[in-house]
Amino acid sequence: MGETIKDLTRTHRCGEVSLADAQNKVTIMGWVQKRRDHGGVIFTDIRDRSGIVQVVFNPEQGSKLFEKADTLRSEYVVAIVGEVEARPEGNINPEIATGEIEIKAEELRILDQAKTPPIQIEDDIDTGEDVRLKYRYLDLRRPKMTKLMQLRHQITKTTRDYLSEKGFLEIETPILTKSTPEGARDYLVPSRINQGHFFALPQSPQIFKQLLMVSGLDRYFQIARCFRDEDLRANRQPEFTQIDMELSFVNKEDIFAITEGLMQEIFALADIDLPEQIEWLSYQEAMARFGSDKPDLRFGMELKDLSAVVAESDFNIFSGTVKNGGQVKGINFKGGADSARSVIDGFEDYVKLFKAKGLAWIALKEEGLKSPIAKFLSDSELAAIQQELDAEPGDLLLLVADKPKVVAAALGNLRLKIAHENDLIPVESYKFAWIVDFPLFEYNEDEDRFVAKHHPFTAPVEEDIELLDSDPAAVRADAYDLVLNGEELGGGSIRINNRALQEKVFSALALTPEEQQDKFGFMLEAFEYGTPPHGGIAFGLDRLMMITGRTDSIRDVIAFPKTQRATSPLTDAPSQVAEKQLHELGISIRS
RNA sequence: GGAGGUGUAGCGUAGCGGUUUAACGCGCCGGCCUGUCAAGCCGGAGAUCGCGGGUUCAAAUCCCGUCUCCUCCGCCA
């Protein structure tokens with residue numbers, strides 16, 4: 001059993017004791033980071049979330065105190081009363097914030113003992129994530145993790161302050177809500193009172209925030225938990241957090257202005273400046289130049305269209321692809337001509353992941369051009385390809401011929417892979433862009449119908465409304481994404497605020513009138529009672545955290561994340577439940 | 001659903017058919033040590049080599065299956 005705090009009051013956090021406190025008596029409480037026992041003198045580092053401070057035990061302080069200090073072990077929880085002393089000249093430790101002082105212990109209380117932790121409580125550990133997650137409460141003691149949690153708090157606080165200032169109201173929307181078609185798989189919650197019926201956890205507060213606009217609440221925001229039952233990735237968790245907002249009586253420029261102000265404040269917390277003007281890039285241009293709707297603009301290596309150059313080529317793979325409506329495009333890996341064959345084969349394997357049938361390459365070596373496809377191309381075609389790609393001796397040209405979608409995915413991703421592997425991306429560089437003019441619909445071959453590119457409540461660009469019937473694929477959406485360094489920070493749109501148009505879009509998505517009524521009837525009805533023009537945007541808080549916290553795993557920025565198989569090693573969730581619980585819910589497990 | 005990687009003391013790794021009684025670093029325990037802060041020196045404990053099966057005189061090591069964690073494709077309006 002540990003001792004109790006009793007009359008003690010903490011006067012300082014460990015990391016906050018400074019030279020200004022010299023000669024003063026302080027009381028600190030925290031964990032034993034380290035004990036360095038010199039026989040005649042014992043040093044301990046005491047840690048709390050603010051940092052560490054050195055406490056010294058001398059025999060002169062009393063043998064009882066000294067003997068007690070001798071029993072201290074890692075992660076014991078202690079309270080220490082002592083006098084702050086400036087360290088003598090040669091003993092200052094510039095590595096730690098409190099290195100100019102130490103605390104001469106006068107009283108030590110062991111508030112709790114601790115087993116030796118399974119992971120070491122220090123920053124640069126290589127411990128596997130399974131162990132870290134099982135003992136997450138220990139992992140979070142590591143300064144790096146503690147700082148990330150602090151940063152997360154600062155970002156949400158900044159968001160609340162900024163948006164409140166701009167006239168937004170923070171309003172909670174239901175967690176137990178209705179399953180709607182479209183979008184991700186829902187997490188379902190059975191209803192005991194209404195057996196056979198299910199709530200769904202929200203994929204986003206989308207419909208509710210629009211209803212709040214119908215209510216006249218004018219400006220809404222929420223730090224909203226969202227749930228999607230899809231497979232996980234390094235930057236995707238089944239439950240994640242959005243900074244979600246919706247505004248009435250605005251156009252997209254209004255939303256951009258408010259959003260940019262918010263991003264400025266958030267990124268300032270991480271010493272990252274936003275540009276005066278964030279550039280706009282159309283979806284079409286982003287896809288054409290970077291093969292992605294979230295282009296990484298920190299480096300070049302842009303995709304160049306070679307279709308015209310090879311349209312009449314004798315090389316059938318190229319000319320045939322162009323004739324069948326496909327494209328031939330290429331990128332230039334500057335200075336890559338001497339890449340080993342195995343490296344180039346690796347590139348080919350990589351583009352095949354994105355359904356490309358192959359990867360053609362031309363290496364411009366010192367001794368001349370080397371390429372398995374050169375013999376199929378005329379000299380003028382080869383020359384034109386090099387010119388389009390701005391090629392010089394030493395370059396490696398990589399070409400893909402396929403459907404536009406495949407070419408974009410293959411070369412867009414290959415561009416990123418090459419850049420990462422060859423350190424072509426400048427560090428501490430931040431390139432923002434608004435991506436605009438998304439298509440409203442995307443054709444889904446599996447389902448043989450159009451699906452919403454953003455979501456079904458997105459308004460079409462006004463001049464494209466007449467195309468809804470004649471050429472749905474050509475309709476542009478009044479939607480936008482904010483992109484940074486190849487990551488989508490957030491996205492939103494101006495919404496439909498009119499029942500007739502909303503029904504028209506639903507119909508274009510092949511929802512029958514009955515489905516529209518059943519799934520969205522309440523929303524359509526709401527739109528009949530005077531709906532203001534409105535729009536909004538939502539940012540992935542976890543992704544903002546990854547960038548500002550400079551980490552590449554989403555699990556590092558969430559206190560208690562799930563593993564890739566969507567489980568929690570800490571709590572062992574999800575788990576089986578008692579037969580009685582299932583019975584109450586009217587559920588039986590099919591085995 | 002698919003592809004790849006991974007798993008050896010508490011943690012990180014080495015060993016990749018037989019000189020292994022499974023090694024090293026960190027951590028842990030004990031001793032010495034009055035200025036360390038990656039303390040130092042001496043000594044010690046600690047491992048069913050993920051799990052199951054197979055091949056072999058012999059398996060941590062080779063083969064098959066399975067599970068875990070990670071990365072990616074599909075999926076994520």
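Predicted model, so just to flag it, every value in this text is computed and none were measured. Numbers restart at 1 for each chain; the letters A, B, ... are given by sequence-line order, proteins then strands.
Between the CD1 atom of I52(A) and the P atom of U36(B) there is a distance of 16 Å, given to the nearest Å. Nucleotide C69(B) holds its P atom 19 Å from the CG atom of D126(A), rounded to whole Å. Rounded to whole angstrom, the span from the CG atom of L353(A) across to the P atom of A3(B) amounts to 12 Å. Taking atom CZ of F43(A) as the reference point, atom C1' of U34(B) lies 8 Å away to the nearest angstrom. Across the protein-nucleic acid pair, D231(A) atom CG and C75(B) atom P stand 11 Å apart, rounded to whole Å. Atom pair K104(A):NZ and U34(B):C1' shows a separation of 13 Å (rounding to whole Å applied). Atom CZ of R142(A) and atom C1' of C26(B) are 15 Å apart (whole Å). Y350(A) places its OH atom 10 Å from the P atom of G74(B), with the value rounded to the nearest Å.
Nearest nucleotide to the side chain of V41(A), out of C33(B), G74(B), G35(B): G35(B). Checking U36(B), G27(B), C69(B) against every side-chain atom of E129(A), the shortest atom distance belongs to C69(B). Comparing C69(B), C75(B), G35(B) by their nearest atom to the side chain of T563(A) picks out C69(B). Side-chain atoms of R555(A) lie closest to C70(B) of the nucleotides C70(B), C37(B), C29(B). Nearest nucleotide to the K34(A) side chain, out of C75(B), C29(B), G27(B): G27(B). Counting only heavy atoms from C-beta on, R233(A) has its side chain closest to C75(B) among C75(B), C70(B), C11(B). Picking from C72(B), C69(B), U36(B) the nucleotide with the shortest atom distance to the side chain of R87(A) gives U36(B). Candidate nucleotides U34(B), G10(B), C72(B) were compared by shortest atom distance to the side chain of E60(A), and U34(B) ranks first.
Taking the six-membered ring wherever Trp is involved, the centroid distance between the rings of F221(A) and F539(A) does not fall below 6.0 Å.
A stacking contact links H38(A) to A39(B): the aromatic ring centre lies within less than 5.5 Å of the base's six-membered ring centre, and the planes differ by less than 30°.
Note on D229(A): nothing from the nucleic acid sits closer than 4.0 angstrom, heavy atoms only. F354(A) comes within 4.0 angstrom of sugar-phosphate atoms only, judged by non-hydrogen atoms across all strands, and of no base. Across all strands, P456(A) comes closer than 4.0 Å to base atoms (heavy-atom distances). Among the atoms of the strands shown, base atoms are found under 4.0 Å from some heavy atom of E102(A). As judged by a 4.0 angstrom heavy-atom cut-off over every strand, T180(A) is placed among residues making no nucleic acid contact.
Between U56(B) and C63(B), the two C1' atoms lie 12 Å apart (nearest whole Å). Atom name C1', nucleotides C16(B) and A22(B): the rounded distance is 13 Å, in whole Å. G40(B) sits 9 Å from C33(B) when the C1' atoms are compared, rounded to a whole Å. If you take atom P in U13(B) and the same atom in U8(B), they sit 8 Å apart, rounded to whole Å. When the C1' atom is compared between C62(B) and G43(B), the two are found 40 Å apart, to the nearest whole Å. One C1' atom belongs to U61(B), the other to G17(B), and the distance between them is 6 Å to the nearest Å. The gap from the C1' atom of A59(B) to that of U20(B) amounts to 13 Å, rounded to the nearest Å. Atom C1' of A60(B) sits at a distance of 23 Å from the matching atom of A45(B), rounded to the whole Å.
The side chain of T44(A) contributes no N or O atom lying less than 4.0 Å from OP1 or OP2 of C37(B). The phosphate of G27(B) has neither OP1 nor OP2 within less than 4.0 Å of any side-chain N or O from R35(A). The side chain of R73(A) contributes an N or O atom lying less than 4.0 Å from OP1 or OP2 of C29(B). In this model, the phosphate group of C28(B) is approached by a side-chain N or O of S74(A) to a distance below 4.0 Å at OP1 or OP2.
When Watson-Crick and G-U wobble pairs are counted only if both distances are under 3.5 Å, A23(B) pairs with U13(B). Across all strands shown, the partner of C62(B) is G54(B), judged by Watson-Crick or G-U wobble contacts whose two distances both fall under 3.5 Å.
Atom CD of E100(A) has 12 or fewer neighbouring heavy atoms from other residues, nucleotides or ligands inside a 6.0 Å radius.
For C69(B), its base never sits under 3.5 Å from the side chain of R132(A) at any donor and acceptor pair. The base of C76(B) does not come close enough to the side chain of R228(A) for any donor and acceptor atom to sit less than 3.5 Å apart. In this model, a side-chain donor or acceptor of N93(A) finds a partner on the base of C37(B) within 3.5 Å.
Residue whose closest nucleotide on RNA chain B sits further toward the 5' end, between Q203(A) and G40(A): G40(A). Nearest-nucleotide positions on RNA chain B for I92(A) and K562(A) put I92(A) closer to the 5' end.
When each of D139(A), D556(A), T551(A), D124(A) is paired with K144(A), the side-chain hydrogen bond (donor to acceptor under 3.5 Å, both in side chains) condition holds for D124(A) and for no other.
Ring planes of F450(A) and Y443(A): perpendicular class, angle over 60° (limits at 30 and 60°).
R36(A) and Q54(A) form a side-chain donor-acceptor contact under 3.5 Å, judged by distance and modelled atom types alone.
Relative to the six-membered ring of F438(A), K453(A) misses at least one condition, a distance below 6.0 Å or an angle of at most 45° to the axis.
Using a 4.0 Å cut-off between charged nitrogen and carboxylate oxygen, R449(A) and E447(A) count as a salt-bridge pair.
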Worked verdict on F520(A) versus F457(A) for ring pair (Phe, Tyr, Trp, His ring centres under 6.0 Å): CA-CA 11 Å; F520(A) 301 111; F457(A) 315 111; 5.7 Å; yes
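Counting all heavy atoms, side chain and backbone alike, A452(A) lies closest to L509(A) at N-CD2, 3.4 Å.
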